[in-house]
Amino acid sequence: MKTPYDPHALETKWQSRWDDARLFEAPDSDPRPKFYMLEMFPYPSGRLHMGHVRNYSIGDVVARIKKKQGYNVMHPFGWDAFGLPAENAAIERGVHPAEWTYQNIREMRGQLKRLGLGYDWTREIATCHPEYYRWEQLIFIRALEKGLVYRRKALVNWSEKMQTVLANEQVIDGLDYRYGLPVVQKELTQWFFKTTDYAEELLSAIDDLEGHWPERVLLEQRARIGKSHGTLVNFQLTPPVDGQSVLPVFTTRPDTLYGVTFMSLAPEHPMALKLAQGTPHEAAVNAFVQKALQEDKHKRGTDAGSQGDIFTGRTCINPINGAEVPIYIASYVLMDYGTGAVMAVPAHDQRDFDFARRFDLPVQVVINPPNGTALAPATMTEAYADDGVLVNSGPFTGLPNREAMTRITEHLAQNNHGAQTIHYRLRDWCVSRQRYWGAPIPVVYCDRCDVVPVPESQLPVTLPEDVDFRSEGGSPLARCASFVTTTCPQCGGPARRETDTFDTFVESSWYQLRYASPRCDTGPVDPAQVQQWLPVDQYIGGIEHAVGHLMYSRFYHRLMQDLGFFGPEVPREPFQRLLTQGMVCKETLFTRDANGHIQWHTPEQVDEDGNSRQNGQPVETGRAEKMSKSKHNGVDPEEIINRYGVDSARLFVLFASPPENDLLWKDEGVEGVHRFLGRVWHFVTQQRDAIAGAPHTVDAAAPLDDAQKEMRRAIHRTIEQVSTDVDGRFHFNTAIARCMELTNALTRFRPDQSDALGLAIQREGAIALLQLLSPFAPHICEELWEHLGQPGFIAEAPWPSFDPALAKADTLTIAVQVMGKMRGTVEAPADCDTEAMKDLALAHPNVQKHIAGKSIQRVIAVPGKLVNIIAR
RNA sequence: GCCGGAGUGGCGGAACUGGUAGACGCGCUGGAUUCAAAAUCCAGUGGGCGAAAGCUUGUGAGGGUUCGAGUCCCUCCUCCGGUACCA
């Protein structure tokens, strides 16, 4: 009698049983140790894609294993629900962003539930809900009071098309990430978080993440913070310009100070225009600066050609030697690094060297190589940037340059001409966005009282419902008079509300904290619950958030802690361990038209002859790329689930490659794992009665025959191997492979119905297999668990243990080499000593053949592994 | 340019701290079952030589260390990421 494997019926059945039993709800107080498992929450786009399936399946496996290992697992889910697509939907289809978003959430929640993911849905949050963002507004106000938030004019990436500010990561080669249209620089007054106050801590704390976060992410974070030691040097302006008598410069090479032959300022530098005022160069400088400012920031420097620089007509004084230094404006100098001014040392910096040669400016050598050769400015073909000994440097001549760095800096400091300083590349975080669908920034502008934070009692500042969305963009909030018009909380006079909303990275910077007490109505978090649950023990998400989201969260967690929202005993890092999973890719299909333009196709658009049904052209197969709508290489998870069931879909994404690698989607691969589940199903259902009736323990005293011994060994070894594969290493692909091997062994092991011992072993194997497989393919395992009459949910059954003695083999296969070449294998008892191994190896006929006529010089034996005979 | 990472069968991928390369799966080939097909099951499957035993070659290329190298060291090539005038 064969019961067919019908995944759909049993998957629905177990999902509702888990629900009814509230299996995945995490109690706040529980004697078990806690384990906080979190995957990066999604933007509710409306449809689940394969990348989600992968991310959440990986997380679910970890959560289920931890649960079986006896942890009180919190595995929450929520929605990163603010963002531009909702507004675009409003413009394009006339749906209100809120309606669109909540509808999408409903749909995606349904899809996720069908995946059988063990989330604690009672903790669900959506960041667009006022009960979420009201606390964000509170945090902002507290930060403002503490001086950790401020407002300033800043040049921002401005998209004309979208009428909004873009983050640096949304600008690719000077074009916006969405439409690929130019992004210009525009000056706006913006709100900033003082992330730079935390630069040092964010950097030094990275050391503690070593080994727990991917090396690559740590590297990128370190690079983004960009700490560099240097010296601030004040060049003097005589006479002062616009009241300024100094021009500060940041340099990492104070040892080359005597070699400065000119100075370069960024076009944005506040002194740029003022310096040229009244000089014959004024008009030219004005024109140059104007042009540079309009030019795209990224393109500007690339042709470091003659167009890129201009003389201001002014000079300044080098404080170390009183030398007069001409001041230039150079497009390659960045305003947002250092002071926006660079001292140029052509002899020892390649860029300055190129510049000097182009303009025929003097080159002054101040460091000679340690080997004694003297550099000559006239004949140098490139800058000398390495270490050496100082020359032409007044009292510092003769010093090794490393030492000179400190000495010169000290000298400057003593004379008030400079100071040692540390500089970070990290910038303060601009959080203002000129959009509707975001959390309103809770401040009010009053003509009398200036900037006034909205009192805490008046929070949340909610988004008005009735607003006007227009395709030409601009801020709908700014157009909404009923929102903008308000009274000043301080003087009661007429006032205007801030119409910018927060960057959506603000919401995702603290959601991991909110999950600990998702319905807390006394503050953003309940400190006791934060202490109970944080930090996140395992975080999983895409590598694309390596710096953005992960840096903001690390900052925000500390910010909230320092504002007193939770206690100092909570660790300062929000995410203990991080796993970055790879993308889901699939091969692409395309045709080319006469002009060589590529058109992408879905597999359905290809006919039997391999031609496109659309244009008749022969279809070519491209390389595998990330699944996307535009490339037409996506696979809809629903379709896969309808065809094979959830367990097969999950199992495939876990089996096809290790989590951190990209995954290559293959329909045949899904069929493969589906077949495997079918084998498991048929094995257990067919042996069901025999297994259920077998003794529940294997008699330890009973003598086993070879096949039985081998079977038991396979069972215990599999438990051992799956446990190590899964624990910390997340090698789910090999863990599943081991389950497949065990299944193959079990289906071959056919004890006689009267053989109680054999049946007991079969039972032991079947139960172990279901246990090990259950985190990966939970539904089928629950069903078969029930078939075998096992009590309770397999999801709650403790992770199986193994007997190391049983996992070990009695005899080992020893590799035998002659002169390092494989010549055969011998069977040796497990406890065989090296002498006995050597004897066995030497007795091997093939070995005899290869050492015939030679003398044995040496025999190397590695216990339990191999024997290598050196004979000449 | 600079900084990382990776190159293993037809494919995805295994191989713990140097010790039988290719586990497991896909695909392919042959067979069983079937009126037939699908499904399922069994066997084989890196290349070359061989009837077989076996030999030989093989982890991007070249060199090195070692009794022994996919694994360690050096040089180079390719691909993939990150970053880009950072003073």
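- The listed nucleotides are C86(B), G25(B), A15(B); the one nearest the side chain of Arg729(A) is A15(B).
- The neighbour count for Lys808(A) NZ, taken as heavy atoms of other residues, nucleotides or ligands under 6.0 Å away, does not exceed 12.
- Counting only heavy atoms from C-beta outward, the side chains of Ile225(A) and Ile206(A) approach each other to under 4.5 Å.
- Only the C1' atoms considered, A53(B) is 34 Å distant from C16(B), to the nearest whole Å.
- Here, G60(B) and C41(B) have their P atoms 35 Å apart, quoted to the whole Å.
- At the phosphate of C86(B), OP1 or OP2 sits under 4.0 Å from a side-chain N or O atom of Arg351(A).
- In the set G68(B), A87(B), C11(B), A87(B) carries the atom at the smallest distance from any side-chain atom of Thr251(A).
- Of all nucleotides present, only G10(B) satisfies the Watson-Crick or G-U wobble test against C26(B), with each distance under 3.5 Å.
- The distance from atom CE of Met822(A) to atom P of C55(B) is 10 Å, rounded to the nearest whole Å.
- Nucleotides C86(B) and C77(B), compared at atom P, are 25 Å apart to the nearest Å.
- Comparing G82(B), G13(B), G25(B) by their nearest atom to the side chain of Pro658(A) picks out G13(B).
- A salt bridge between Arg713(A) and Glu710(A) is present, with a side-chain N of the basic residue lying under 4.0 Å from a carboxylate O of the acidic one.
- We find that Arg216(A) and Glu220(A) are joined by a salt bridge, their nearest charged nitrogen and carboxylate oxygen being less than 4.0 Å apart.
- Contact annotation: Arg675(A) side-chain N/O to G27(B) OP1/OP2 distance is under 4.0 Å.
- Distances shorter than 4.0 Å separate some side-chain N or O of Asn744(A) from OP1 or OP2 on G25(B).
- With a glycosidic angle further than 90° from 0, G31(B) counts as anti.
- Heavy atoms of Ser264(A) sit nowhere under 4.0 angstrom from any nucleic acid atom.
- Rounded to an integer number of Å, the gap from Gln221(A) CD to U83(B) P is 12 Å.
- Gly672(A) comes within 4.0 angstrom of sugar-phosphate atoms only, judged by non-hydrogen atoms across all strands, and of no base.
- Pairing partner, U83(B): G1(B), with both Watson-Crick or wobble hydrogen-bond distances short of 3.5 Å.
- Using a 4.0 Å heavy-atom distance criterion, Asp662(A) is classed as a sugar-phosphate-only contact.
- The environment of CD in Gln420(A) is sparse: at most 12 heavy-atom neighbours from other residues, nucleotides or ligands sit within 6.0 Å.
- Base pairing annotation: A15(B) forms no Watson-Crick or G-U wobble pair, as no partner gives both donor-acceptor distances under 3.5 Å.
- The partner of U75(B), taking Watson-Crick or G-U wobble pairs whose two distances both stay under 3.5 Å, is A61(B).
- Distances were taken from every side-chain heavy atom of Thr734(A) (C-beta onward) to each of G12(B), U57(B), A14(B); the shortest belongs to A14(B).
- Between Tyr644(A) atom OH and A39(B) atom P the separation is 11 Å, expressed in whole Å.
- For the P atoms, the distance from U45(B) to C24(B) is 12 Å, rounded to whole Å.
- If you take atom C1' in G25(B) and the same atom in C79(B), they sit 26 Å apart, rounded to whole Å.
- Within 4.0 Å of Arg623(A), counting heavy atoms only, lie sugar-phosphate atoms of the nucleic acid but no base atom.
- Among the nucleotides C67(B), C11(B), C55(B), the one closest to any side-chain atom of His850(A) is C55(B).
- Rounded to whole angstrom, the span from the CD1 atom of Ile543(A) across to the C1' atom of A6(B) amounts to 14 Å.
- OP1 and OP2 of C86(B) both lie 4.0 Å or more from every side-chain N or O belonging to Arg425(A).
- Distance CZ (Arg216(A)) to P (U83(B)): 9 Å, rounded to an integer number of Å.
- Residues Arg738(A) and Asp725(A) are paired through a salt bridge, judged by an N-O separation under 4.0 Å between the basic side chain and the carboxylate.
- For the pair Thr813(A) and Leu664(A), both in contact range of RNA chain B, the more 5′-proximal nearest nucleotide belongs to Leu664(A).
- Rounded to a whole Å, the CD atom of Glu625(A) is 12 Å from the C1' atom of C80(B).
- Comparing A15(B) with G9(B), their C1' atoms sit 15 Å apart, to the nearest whole Å.
- At a threshold of 4.0 angstrom between heavy atoms, the contacts of Leu866(A) include nucleobase atoms, whether or not backbone atoms are also involved.
- Closest contact between the side chain of Lys821(A) and the listed nucleotides G54(B), U57(B), C79(B) involves U57(B).
- Within 4.0 Å of Ile860(A), counting heavy atoms only, lies at least one base atom of the nucleic acid.
- Picking from G25(B), A87(B), G19(B) the nucleotide with the shortest atom distance to the side chain of Met740(A) gives G25(B).
- A distance-only check finds no donor-acceptor pair linking the side chain of Thr256(A) to the backbone of Gly259(A) [under 3.5 Å].
- Closest-nucleotide positions on RNA chain B for Ala815(A) and Ala656(A) were compared, and the one nearer the 5' end corresponds to Ala656(A).
- Taking a pair to require two hydrogen-bonding distances under 3.5 Å in either a Watson-Crick or a G-U wobble arrangement, G54(B) pairs with C49(B).
- With both pairing distances under 3.5 Å, U66(B) is matched to nothing as a Watson-Crick or G-U wobble pair.
- Looking at heavy atoms from C-beta onward, Ile320(A) lies in side-chain contact with Leu412(A) at the 4.5 angstrom threshold.
- Note: CZ (Phe676(A)) to P (C41(B)) measures 12 Å, nearest angstrom.
- The shortest distance between side-chain heavy atoms of Val233(A) and His417(A) does not fall below 4.5 Å.
- In a base pair of the Watson-Crick type (N1 to N3 plus N6-O4 or O6-N4) or a G-U wobble (N1-O2 and O6-N3), with each distance short of 3.5 Å, U40(B) is matched with A32(B).
- Using a 4.0 Å heavy-atom distance criterion, Glu741(A) is classed as a sugar-phosphate-only contact.
- Between the CG atom of Asn868(A) and the C1' atom of C67(B) there is a distance of 5 Å, rounded to whole Å.
- Nearest to the side chain of Lys849(A), among A23(B), G54(B), G19(B), sits G54(B).
- Comparing the C1' positions of G18(B) and U71(B) gives an interatomic distance of 6 Å, to the nearest angstrom.
- Contact of the Cys316(A) side chain with the Met263(A) side chain is registered, since non-hydrogen atoms from C-beta on lie closer than 4.5 Å.
- Of the candidates G82(B), U56(B), C80(B), the closest approach to any side-chain atom of Arg823(A) belongs to U56(B).
- Using a 4.0 Å heavy-atom criterion, one finds that Asn846(A) contacts the sugar-phosphate atoms exclusively.
- Considering only the side chain of Ser657(A), G13(B) comes nearest among A87(B), G13(B), U40(B).
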